[in-house]
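This is a predicted model, so every value here is computed, not measured. Order of the sequence lines sets the chain letters (A, B, ...), proteins ahead of strands, with each chain counted from 1.
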Amino acid sequence: MSRVTVPKTYKLYIGGKFPRSESGRTYEVTTQAGEFVANAALASRKDARDAVVAARAAVTGWAGATAYNRGQVIYRIAELLEGRRAQFVDEISRTEGVTTAAASAQVDAAIDVWVWYAGWADKYAQIAGNGNPVSGPYFNLSVPEPTGVVAAIAPQARVGTSLLGLAAVVAPIIVSGNTVVVVPNTGAPLSAISLAEVLATSDVPGGVINVLTGSPAEMAPWLASHADVNALDLAGAGDIDWVELQLSAAETLKRVLAPVAGVPAPALERITAFTETKTVWHTKSML
Amino acid sequence: MSFLEYAPAPESTAILNLKSEYGLFLDGEFVDGSGEVFDTISPATEEVIARIAQADASDVDRAVAAARRAYERTWSRMSGSDRGKYLFRIARLVQERSRELAVAESLDNGKPIRETRDVDVPLVAAWFFYYAGWADKLEYAGAGPNPRSLGVAAQVVPWNFPLLMLAWKIAPALAAGNTVVIKPAETTSLTAMLFAEILQQAELPAGVVNIVTGPGATGQALVTHDDVNKVAFTGSTGVGRMIARQVAGTNKKLTLELGGKAANIVFDDAAIDQAVEGIVNGIFFNQGHVCCAGSRLLVQENIHDEVVDKLKYRLSTLRLGDPLDKNTDIGAINSAAQLERIRTLSDTGESEGAERWQLDCTIPEKGFWFRPTIFTRVSAAHTIAREEIFGPVLSVLTFRTPDEAIAKANNTPYGLSAGIWTEKASRMLAVADRLRAGVVWANTFNKFDPASPFGGYKESGYGREGGRQGLAAYLESAGWEAPAAIMASAASATTTAAGGRKKTTKKAVAK
């Protein structure tokens with residue numbers, strides 16, 4: 001007689017906690033063939049606003065941590081993913097309908113993306129910042145800093161992106177010290193929530209990464225117009241009205257990264273897109 | 001006079017699982033050396049800790065051959081991302097075994113456990129973590145287009161920070177794709193051997209790192225070996241000069257991190273109490289066995305007495321003794337030879353007219369110890385103001401104007417580091433501009449970070465360790481491919497210039 005299994009309830013991840021949607025709504029996650037797999041929370045405008053509050057509250061601590069510390073914390077995400085890869089392979093192959101080999105390859109790639117970005121934490125400022133030889137007796141140093149709260153739409157392609165696309169969008173945002181509110185892959189959101197469980201047991205402070213399962217088309221306009229969001233990553237927004245989102249973001253002059261096809265390639269530019277350059281001048285006295 | 005009585009709080013050596021004898025680490029295995037086995041002792045007790053193999057020229061040959069094989073077959077072909085993963089593993093294993101490494105280092109080197117535990121070993125892990133991240137980002141390092149590794153790196157490290165200096169050398173070399181043969185200092189091989197165990201646990205491919213132990217002759221065989229492409233040395237200026245001569249005429253890329261005689265400049269507007277802490281940290285950290293130690297205190301004349309009084313009071317609170325005791329501030333001098341050198345130079349200081357003050361404290365019966373010492377009335381001409389003592393001995397000089405401070409600070413063949421203490425940032429920056437030193441600490445001293453380049457001007461060596469610059473020391477670039485037209489005109493310009501020079505020479509001769 002086979003054992004009756006205990007399926008997991010997939011909820012949102014906001015401020016380090018796992019609430020259901022305040023709207024009480026869920027949506028069905030199915031296999032490619034349409035078979036029921038689980039119910040995922042269908043996040044609402046209110047959930048998005050709560051997530052922004054949590055993300056804002058986490059900025060000071062996360063941006064204030066040393067770069068070395070952030071690098072280690074992000075590297076630890078990769079370590080924990082490696083240890084739980086079987087679970088991710090299972091969720092990806094069920095929801096994306098891909099082979100175990102393909103799902104494994106995606107998990108490997110996601111882990112490597114986390115490692116690649118982890119290494120940037122204490123280096124990107126050495127590339128993106130510099131001393132400036134200004135004409136005059138001044139010390140002049142430009143240093144990049146995180147911009148603050150970033151809202152992101154993760155890649156939405158039904159196959160090959162659910163875990164990898166999330167990593168490729170979230171890692172470069174948080175590595176410099178930003179916090180993020182991300183809408184993961186709508187069709188295959190399970191690995192995103194399982195990743196949130198990894199995050200909750202890793203050393204990533206609550207509120208640094210907030211995961212809202214649901215509809216990008218429903219939530220993105222609220223995030224794009226939210227006055228306390230500093231930047232917008234539209235990587236996975238290609239299939240929704242992203243021009244309208246950019247127009248909306250223009251009202252508060254958010255920094256915006258445009259949609260990309262598939263999974264964004266790892267790039268230093270994805271880190272610097274969400275930073276501000278601060279230049280400090282100081283006089284040098286006559287001796 | 002005792003500041004406060006403390007009950008002993010020794011760190012247990014039970015965490016160590018040492019072998020009685022260590023071989024060389026060649027091609028991933030511990031093997032016997034061909035030279036005579038020697039003892040490594042604890043400088044605090046003079047007791048033998050373990051026996052260490054001695055590599056002769058044939059062992060160095062084998063080590064370089066193993067490194068060459070590993071370079072050609074494995075390491076240079078591996079993706080940067082995979083190299084990085086090995087370095088991350090090493091960083092994690094160092095963190096996991098950090099207390100064990102700290103205890104071993106204190107035992108073998110004589111430095112206080114407080115320092116190995118809180119400074120040396122955490123920095124070792126940080127160094128590997130930092131350079132691990134660089135391994136797959138070399139094209140961003142600023143070393144030019146298409147950066148590539150050099151080949152086999154021959155590395156020789158000193159005894160003052162045995163494991164940390166090993167990390168400074170190995171981490172960037174491996175990240176850049178080189179393989180390594182490294183020689184620890186004769187008196188401090190122990191943690192390098194524990195590190196070899198860590199490399200085995202990390203499953204680093206055999207031959208990527210080879211460790212040859214022994215005296216200076218082993219190091220000489222290594223740096224003069226025909227099949228190494230890079231030489232990196234940290235140690236005395238005398239040996240550095242010799243290596244520079246030996247490397248001359250070869251294609252070996254060379255970086256040297258040598259001696260120092262740093263000035264620590266205290267202006268009268270400094271926060272005096274903080275400055276006193278910085279002075280103490282600057283010269284008594286690691287018993288003064290620090291190449292960048294602030295061994296020359298330049299204090300503005302009008303605050304000289306106040307600073308010296310506070311300094312003496314602060315020194316009276318330092319505890320000298322068992323390096324493994326968690327309360328110890330000043331540990332043992334690393335070797336009898338070094339102790340003798342410190343004694344001789346201090347005696348010279350006194351005979352040349354400087355005034356000696358020493359901490360009145362109990363010296364353990366066994367081992368090598370030297371009381372923290374301050375010399376006042378030192379002039380720039382005194383031997384103790386010119387020569388690197390490499391011990392807990394501070395020379396105090398005075399100045400009246402910033403110009404005088406700068407002139408005195410730069411009045412040395414060395415140029416490794418300097419300190420500036422003033423609450424006025426515009427003055428600090430202006431002084432920093434004029435100091436001929438590779439690292440300038442303002443209102444702090446002896447700070448190290450893998451992200452921050454370290455190295456000297458003048459006879460303190462060349463090349464930098466740490467940061468992007470530290471990575472570039474292990475890379476070469478294909479360079480800029482100049483368009484053919486530019487190359488052609490450059491070639492004709494050279495011909496013209498040569499012709500012109502000839503003419504001038506003739507003229508000069510005719511005159």
Side-chain angles (χ1 to χ4, degrees), chain A residues 66-83 108-131 133-134 136-141 143 171-172 175 203 265-269 271-272 280-287, chain B residues 79-89 91-92 95 122-123 125-142 175 267 269 401-407 422 424-435 442 449-453 466-472:
Chain A
T66 64
Y68 176 41
N69 184 236
R70 280 200 309 276
Q72 288 192 86
V73 168
I74 294 172
Y75 180 73
R76 186 159 165 77
I77 296 173
E79 288 182 331
L80 294 183
L81 271 176
E82 188 90 50
D108 289 345
I111 292 168
D112 289 357
V113 162
W114 282 109
V115 171
W116 193 77
Y117 279 114
W120 272 119
D122 50 10
K123 296 174 192 68
Y124 88 94
Q126 296 186 299
I127 309 298
N130 39 263
V134 294
Y138 298 98
F139 166 89
N140 183 294
L141 186 70
V143 181
V175 70
D203 300 320
L268 176 62
E269 292 67 29
I271 301 174
T272 52
V280 178
W281 291 67
H282 198 292
T283 52
K284 295 175 178 175
S285 64
M286 304 283 283
L287 289 177
Chain B
S79 70
S81 144
D82 283 351
R83 286 200 312 272
K85 284 178 184 173
Y86 282 109
L87 291 169
F88 278 122
R89 283 186 187 179
R92 288 306 208 197
Q95 288 177 324
L123 277 175
W127 232 268
F128 279 101
F129 210 96
Y130 177 78
Y131 280 108
W134 269 122
D136 53 9
K137 303 177 181 71
L138 300 182
E139 62 274 27
Y140 294 95
F267 286 99
D269 64 353
T401 65
D403 275 331
E404 187 187 353
I406 291 161
T422 168
K424 196 174 176 193
S426 57
R427 167 184 284 171
M428 181 278 285
L429 291 165
V431 172
D433 271 359
R434 289 173 55 189
L435 292 175
D449 192 287
S452 177
R468 290 194 290 130
Q469 290 79 357
L471 193 66

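To the nearest 0.5 Å, atom CD of residue A:E269 and atom CD1 of residue A:I271 are 9.0 Å apart. Separation of atoms NZ (B:K424) and CG (B:D269) is listed at 7.5 Å; rounding is to 0.5 Å. A distance of 12.5 Å separates OG in B:S452 from CZ in B:R468, rounded to the nearest 0.5 Å. Note that CG of A:L141 is 13.0 Å distant from NE2 of A:H282, once rounded to the nearest 0.5 Å. To the nearest 0.5 Å, atoms OG1 (A:T66) and CD (A:Q72) are separated by 8.0 Å.
Both the backbone and the side chain of B:A125 have a heavy atom closer than 4.5 Å to some heavy atom of chain A. Interface residue B:Q95: only side-chain heavy atoms are found under 4.5 Å from chain A. Using a 4.5 Å cut-off between heavy atoms, A:D112 contacts chain B through its side chain alone, with no backbone atom that close. Neither the backbone nor the side chain of B:A132 has a heavy atom closer than 4.5 Å to any heavy atom of chain A. For B:D433, the part lying under 4.5 angstrom from a heavy atom of chain A is the side chain only.
Residue-level contacts of residues 75-82 of chain A with chain B, in order of numbering, are A:Y75, A:R76, A:E79; threshold 4.5 Å between heavy atoms.
Among A:Q126, A:K123, A:M286, the residue making the largest number of heavy-atom pairs under 4.5 Å with chain B is A:K123. Chain A forms the most heavy-atom pairs under 4.5 Å with one residue out of B:S81, B:P402, B:G467, B:A425, and that residue is B:A425.
Donor-acceptor pairing under 3.5 Å is recorded for the side chains of B:Y130 and B:W134.
Looking only at distances, a side-chain donor or acceptor of B:Y131 sits under 3.5 Å from a matching main-chain atom of B:G466. Between the B:K137 side chain and the A:W116 main chain, a donor and an acceptor come within less than 3.5 Å of each other.
Here the side chains of A:V280 and A:V143 are not in contact, with every heavy-atom distance at 4.5 Å or above.
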